[in-house]
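Please read the structure below before turning to the comments.
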Amino acid sequence: MGHSPRDAAWFALLDKLVPQLTAALGDAFVSAVLFGSAAEDRLRLGSDVNVLLVLRRWERAALDALREPLRTSHAAIALQPMFVLEAELPQVVEAFAVKFADIARRHHVLAGEDITPHLVPSRRALWVRCRHELLNLQLRLRERYVVLSLRPEQAERALIQSAGALRACAAAVQSLRGVPFTHGRAALLELANACGPQYAEAAAALSRLREGETVAGAAGADHLLSLSELAGRALALLDELEAGGA
Amino acid sequence: MNVFDWRGPQFVLFYLVFGVALYFIARQLRAWTDPRGARDPTPNDDPYLVACLRGGPAEAIRVCIVSLLDRGLLQSTDNQLHSAATAARVVRRPLERAIIARAQAAPTRVRDIVRDDSVQQQAALLRDELAAQGFYAVPRILPVRILIYVLCAGAAIWVALHKLLLAIERGRSNVLFLYLMPVALCIALAIAIFPRRTLAGEAHVRALKRLFARTHDNRQQLRFGGQSTELVWLSAVFGLSALPHTSFPEVYQLFPGTRRNANASTSCSSSGCGSSNACGTASSSDSSSSDSSSSCSSSSCGGGSSCGGCGGGGD
């Protein structure tokens, strides 16, 4: 696959880092899984590079030796490593079900065992955690609206920052509803469409913002509120699923 | 068709084309004779090594001073630096230790630190390491470069001189351009042949700039206070002038030369963009020539601004 020079440099850094990790950790290393936008080859300049590292045990000496390269990688490409012990994985997947459902959907195994079948949370855990996330989003977006929305540029930044969580939740909701989708952005757009035109407009504006466009004037503030309401609508959909015994 | 019989404007055009060709030939010859650097485009984990590659040993010292200021291990009062009492126990790298030791005795001016023997010695070790990696021009390749320069500059001078003698013989008086053109071409050739970095070093700096493009684009968010390693890497890869003046006025105060390029592009032209005079004045972003959460604890699971929440997947 052809990468831009920047992305090529980023992936070259990962290609150098992963063998360092596997060599240093030895048999304590289980798997390295790239997830998020980097796994889909949809890196943007502001994207983090997320890597799930599954270890058999915590090897402090080996990881100490990796602190310098990991710090450099964090500075260069915003590498965000998540260290999970193999024994912890089942409970971590259940506890952070929305995140792991997202990882299970979009990932690329960089090295080691393919542990992705173990990354799929139970339906119940996904429902509970998604509800929690949506409630959190509702509260957070309201707070962002009141505190930041008088300044359009701050409202835009708040919108962009909420995108990842909104998309992951939308994907979880659609997945629980049995609605097929191609990726998180599509899931959010489809969910918003299903909930009403004002939500669809806010979701579309969010996508445009992520592409580097700006929203006109006070529209950012409206979108913050619309997305907060959308989180509420999604919560209602989840409750309907529960009531329907799905 | 003898080009030496061509009239002034035609000959000037010929000489321009000839000069451009000679310039690229000189670069190619240099490419063949320069030591091969590592093909690995990823950074060394030492930002001071990168600063040294980009701007020389003095630049590595300046970046190190800024990093120590950022971490609070050096303090600046009236443009004098002094180190915190515990600093010597905290720093790891030899260059940092040398700077802290210099500033520990008494408040010291930046230029005195840059000129300090032990500090310079540590910075020179960085240069040696880069030379060993094939990124930095070392004295042993100088004879080859001089030979390339003599050949190319000789050709440039011979062509102009031959035309000049013919013109004088034919009684022409408007021959000033025949003096100026070879001088300009010889300067351009010197720039092409004698940079401190090897071609591999230049390619490495370009690769680093691509790799750290994100850090550069997000530089307005950086603040003093040792919050992250971004500041030292930004300074190392792009130069002190990449630091936003509004957030880092101390840097611009300590290194007044930086101010001149505060708003300038961080890439450099082939003529070089400024120089380091080894007295604490960072005059450019690139003083060498020819260069042209995923973790559940932070952003997501269990944390968060109001009720936490696993923000949901990677970005």
Side-chain angles (χ1 to χ4, degrees), chain A residues 5-6 8-10 12-13 15-17 34-39 44-52 68-69 71-72 74-78 80-84 92 95-103 105-106 129 132-133 135-137 139-140 143 163-169 171-172 184, chain B residues 38-47 49-50 67 92-93 203-222 227-238 293-315:
Chain A
R6 185 205 71 206
W10 288 25
L13 183 59
D15 288 345
K16 181 187 173 189
L17 190 64
L34 182 67
F35 65 97
S37 56
R44 292 170 301 104
L45 202 55
S47 295
D48 293 340
V49 175
N50 301 288
V51 177
L52 168 66
E68 198 73 73
R71 275 172 67 83
T72 305
H74 178 76
I77 63 173
Q80 306 282 355
M82 188 202 312
F83 297 95
V84 180
V92 170
F96 309 117
V98 172
K99 184 175 207 72
F100 277 87
D102 185 59
I103 298 174
R105 265 192 307 275
R106 43 181 195 154
R129 188 67 200 180
H132 181 103
E133 300 280 340
L135 274 169
N136 180 36
L137 270 170
L139 305 189
R140 199 161 64 195
E143 178 260 345
L166 272 166
R167 286 175 176 180
C169 284
Chain B
R39 288 187 171 274
D40 184 358
T42 55
N44 306 90
D45 293 321
D46 185 349
L49 208 55
V50 171
S67 173
R92 290 179 299 124
R93 299 186 193 279
H204 195 65
V205 169
R206 281 195 299 275
L208 285 167
K209 285 183 176 176
R210 276 197 298 273
L211 188 64
F212 283 88
R214 175 189 180 281
T215 314
H216 185 258
D217 278 32
N218 293 337
R219 65 192 188 281
Q220 297 295 344
Q221 292 165 22
L222 289 177
Q227 300 293 317
S228 70
T229 40
E230 270 98 337
L231 183 140
V232 65
W233 277 105
L234 179 72
S235 313
V237 177
F238 295 97
S293 110
S294 69
S295 170
C296 283
S297 62
S298 56
S299 68
S300 39
C301 320
S305 61
S306 45
C307 298
C310 185
D315 174 26

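- What you find for Arg92(B) and Glu68(A) is that their closest heavy atoms are NH2-OE1, 2.7 Å.
- The heavy-atom pair separating Trp233(B) from Thr72(A) by the smallest distance is CZ2-CG2, 3.3 Å.
- For Arg71(A), the side chain to side chain donor-acceptor pair (under 3.5 Å) criterion is met by no residue, not counting sequence neighbours.
- Between Arg214(B) and Asp48(A), some side-chain heavy-atom pair lies under the 4.5 Å cut-off.
- The salt bridge (Lys or Arg N to Asp or Glu O under 4.0 Å) check on Arg167(A) picks up nothing, with sequence neighbours excluded.
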